[in-house]
Every structure is written in structure tokens, then in C-alpha cells.
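A quick write-up on the structure given underneath.
Atom set for the values below is all heavy atoms of this structure, side chains included, hydrogens, waters and symmetry mates excluded.
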Amino acid sequence: MRSLLFVPGDSERKLEKAFASETDVVVVDLEDSVAAQNKAIAREVAAGFISHHRTDTKAAVYVRVNDLTTGLTDDDLVAVVGAKPDGIMLPKSNSGQDIQQLSAKLRVQEARAGLVDGAIRILPIITETATGVLAAASYAGASSRLSGLTWGAEDLSAAIGARTARDENGRYTDVFRLARTMTLLAASAAEVAAVDTVFPNFSDMAAFEAECVEAERDGFTAKMAIHPAQVAVINEAFTPSKEAVERSVAIVAAFTAAGNPGVVGIEGKMYDRPHLRLAERLLARAKAAGVGE
């Protein structure tokens with residue numbers, strides 16, 4: 001996955017637009033974009049829409065439920081698991097234990113819906129509380145359902161009392177750069193996708209594109225979107241270029257031809273095993289994006 005597009009679960013009109021977009025993942029939201037008085041309606045609308053329109057999109061479908069402290073998570077799962085979403089996004093996840101708790105809840109609902117145990121994946125937002133940031137390392141080995149890790153700045157800002165997450169130049173301040181870094185490292189430790197957070201100012205496409213490029217440079221493989229117009233920019237930024245694919249193919253081929261040594265030389269430049277791992281990861285991303293097939 002490269003792009004994940006949020007859409008409110010209580011709006012069929014917006015759900016239709018999201019399902020028709022080019023996003024890799026539609027995230028049907030039952031949390032922040034749905035008012036408290038509309039939660040029950042959102043569950044009904046979301047479950048019905050996913051059930052009846054699942055084949056209308058090539059995207060994977062995730063549902064962001066309400067976090068485990070709200071008392072609403074069980075009702076969310078009861079409503080949507082039968083619609084067979086591909087995954088659940090868990091906000092305000094505090095540790096790998098939260099993933100294990102959610103996995104147990106999913107196991108019950110999957111059994112009731114006649115689904116295979118483990119069919120539904122989990123993508124947690126791991127930095128929306130101070131506890132979550134400090135427990136980033138706990139996700140490695142937490143659950144085979146884990147499909148990736150992502151982070152958020154706005155809820156963390158509220159949790160710690162920061163007036164803003166960005167400075168006057170639009171750059172994240174230190175504590176939020178730390179949360180971003182912890183997410184990237186935790187995803188690597190857990191061997192799952194690292195998904196960058198949203199860019200709220202969807203009218204500033206130049207700054208958004210720059211943030212996408214930086215995220216891909218640093219090791220993120222996907223980014224979340226709050227507006228359909230952001231999807232194309234994300235997909236382009238996180239799709240390996242033709243040149244990068246060709247270079248990676250050459251590196252893998254050179255190691256194979258040489259009997260997988262520690263180091264190989266290509267056109268006067270030395271490449272070692274870390275370069276091989278990077279090349280293999282890039283080729284896997286390219287294959288998933290349909291590049292070089």
C-alpha cells in the first residue's frame with residue numbers, strides 16, 4: 001500500500017467518491033470525523049456501504065474504529081466485521097498489548113461472521129498518546145495481524161499540551177519529529193509497513209508533495225490522505241521510479257551471479273549486503289505497485 005484515504009463513515013456520498021478514487025486503501029472512519037451523536041448511524045451506513053459496494057473498488061478497505069478506552073470499540077466491531085473489511089485501524093494505541101486485545105475481539109467477531117481466524121488485519125496509530133510513543137518498540141511480535149504502523153500529531157499535541165505540532169516554517173517541532181522517528185523504527189523492528197501521517201492543509205499541494213518526498217526518502221512506504229486530491233501525489237511519491245527499479249534489479253542480479261558474496265562491484269562502485277536488502281525491498285514495493293511487470 002502507498003496511499004490510505006480517510007472518508008467519514010456516515011456519508012454515502014463521500015464513501016462513493018473514496019471508493020471511486022485511485023487510493024490503495026480506503027479508511028472508513030468511525031472515529032474523529034463522526035460526531036458523537038452520529039456514531040450509531042455511521043456504523044450502519046459504513047457496514048451497509050462496504051457490504052454492497054466492496055466490489056466497486058480495487059482498494060483494500062479498512063475501518064477506523066473508536067479507541068479501546070471509549071467503550072465504543074465492541075459496538076464498532078459488531079457492526080462492521082460482517083461486512084468483511086480487510087483491516088481495522090486502531091487509534092490511540094498505547095502498546096502491542098492493545099493490538100493483542102483488539103485481535104482477541106476480532107477473533108470472536110470473525111467466528112460469528114463465519115470468517116477465517118486472522119482474516120482481518122490491524123493498522124494502529126501508535127503516537128497519539130505519550131504512552132504510545134514511549135511503547136513503540138512493543139509492537140514487534142505482538143500479532144500476525146499487524147499490517148503496518150502509523151502515527152498522528154494532532155491528538156499527541158492535545159495530549160501533551162503543545163500549542164502546535166509545527167513551527168513557523170511548517171516543520172514538525174522536536175517532540176513530533178521524535179514520534180515520527182519512533183514510528184519508522186518500530187515498523188522496521190516489527191517488519192511491517194511504515195505509514196506516514198496526514199497533511200492537514202490539503203490546499204498547499206507544494207508543501208504536501210515535499211513532505212511525501214521526504215517521507216519516502218526516510219523509509220516510509222505509504223502516507224495517509226484526508227482528501228482525494230492528495231492520492232495521486234502520494235502514489236507518485238511512493239512508487240519506485242523506473243531508474244530505481246533498474247538499479248535494484250542490477251544489484252540483485254550481480255549478487256546472484258557472484259554467488260551471493262558480501263560485496264559486489266557494479267560499474268566501479270561497491271555494493272554490500274545492506275544495499276542488497278534495500279534493493280530487494282524496493283523491488284517488492286515496485287511489484288506491489290505494478291511497476292516493472
Side-chain angles (χ1 to χ4, degrees), residues 4-10 25 27-36 38-39 42-43 46 62-81 85 87-106 109 120-140 142-143 145-165 172 175-187 189-190 192-200 220 222-226:
L4 299 87
L5 175 62
F6 281 105
V7 58
D10 58 352
V25 181
V27 182
V28 180
D29 190 21
L30 300 180
E31 195 214 14
D32 283 347
S33 65
V34 176
N38 287 345
K39 297 291 186 182
R43 294 185 191 109
Y62 276 55
V63 177
R64 179 165 70 171
V65 296
N66 291 278
D67 74 80
L68 293 170
T69 68
T70 62
L72 301 173
T73 315
D74 287 340
D75 289 340
D76 292 342
L77 296 177
V78 168
V80 303
V81 165
I88 297 295
M89 179 176 283
L90 179 66
K92 299 179 182 65
S93 182
N94 284 322
S95 70
Q97 289 184 334
D98 281 358
I99 303 308
Q100 293 168 350
Q101 182 180 352
L102 177 58
S103 182
K105 292 177 181 294
L106 281 171
Q109 297 305 323
I120 298 176
R121 308 297 298 279
I122 298 174
L123 176 60
I125 307 175
I126 70 169
T127 69
E128 293 183 309
T129 67
T131 300
V133 175
L134 296 174
S138 66
Y139 291 91
S143 173
R145 294 181 186 268
L146 202 64
S147 63
L149 298 176
T150 189
W151 72 288
E154 279 67 35
D155 283 278
L156 179 60
S157 178
I160 66 175
R163 286 186 289 106
T164 178
Y172 283 115
V175 68
F176 299 98
R177 286 200 294 269
L178 173 64
R180 177 183 184 271
T181 300
M182 293 295 283
T183 302
L184 187 58
L185 294 174
V192 295
V195 180
D196 196 24
T197 192
V198 299
F199 185 84
F220 286 95
K223 188 171 179 63
M224 299 187 292
I226 60 169

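- Considering all non-hydrogen atoms of both residues, I99 and S93 come closest at CD1-OG, 3.8 Å.
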> Given E31 and T70, is the side chain to side chain contact (heavy atoms under 4.5 Å, CB included) satisfied, shown in steps?
Replying inline: CA-CA 10 Å; E31 195 214 14; T70 62; over 6 Å; no

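- For the atom pair CG (L102) and CE (M89), the distance works out to 12.5 Å, reported to the nearest 0.5 Å.
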>> Quick one, Y62 with L4, criterion side chain to side chain contact (heavy atoms under 4.5 Å, CB included). Give me CA distance, side-chain angles, the key distance, then yes/no.
In response: CA-CA 9 Å; Y62 276 55; L4 299 87; 5.9 Å; no

>> Does L72 form a side chain to side chain contact (heavy atoms under 4.5 Å, CB included) with R43? I'd like the steps, not just the answer.
In response: CA-CA 11 Å; L72 301 173; R43 294 185 191 109; 3.7 Å; yes

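- The nearest pair of heavy atoms linking V80 to P85 is O-CD, 3.2 Å.
- With T129 contributing its side chain and K92 its backbone, the two residues share no donor-acceptor pair below 3.5 Å.
- Within the 3.5 Å criterion, the main-chain N or O of S33 finds a donor-acceptor partner in the side chain of D29.
- Atoms OH and CG, from Y139 and L149 in turn, are 7.0 Å apart once rounded to the nearest 0.5 Å.
- Contact detail for K39 and V34: the closest heavy-atom pair is NZ-O, 3.3 Å.
- With a 4.5 Å cut-off on side-chain heavy atoms, S138 and Q97 do not count as touching.
- The CH2 atom of W151 sits 13.0 Å away from atom CE of M182, with the distance rounded to the nearest 0.5 Å.
- Note: N94 CG to T69 OG1 = 8.0 Å, rounded to the nearest 0.5 Å.
- Under the side chain to side chain contact (heavy atoms under 4.5 Å, CB included) test applied with K105, the options D76, V65, D74 reduce to a single match, D74.
- None of I88, L123, I122 except one satisfies the side chain to side chain contact (heavy atoms under 4.5 Å, CB included) rule with S147; the exception is L123.
- Residue L30 comes nearest to N66 through the heavy atom pair O-ND2, 3.2 Å, listed as atom of the first residue, atom of the second, then distance.
- The backbone N or O of V195 lies less than 3.5 Å from no partner atom in the side chain of K223, so there is not a single donor-acceptor pair.
- Considering CG of D196 and CZ of R180, their distance stands at 5.5 Å, rounded to 0.5 Å.
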> After noting the C-alpha distance and the side-chain angles of D32 and D155, does the key distance pass the side chain to side chain contact (heavy atoms under 4.5 Å, CB included) rule?
Replying inline: CA-CA 10 Å; D32 283 347; D155 283 278; 3.6 Å; yes

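- Residues T197 and Y172 have side chains in contact (heavy-atom distance under 4.5 Å, counting atoms from C-beta outward).
- A pairwise comparison of heavy atoms in E154 and P200 identifies OE2-CG, 3.7 Å as the closest pair.
- In terms of heavy atoms, A193 sits closest to A187 at O-CB, 3.8 Å.
- Atom CZ of residue R121 and atom CG of residue L106 lie 12.0 Å apart, to the nearest 0.5 angstrom.
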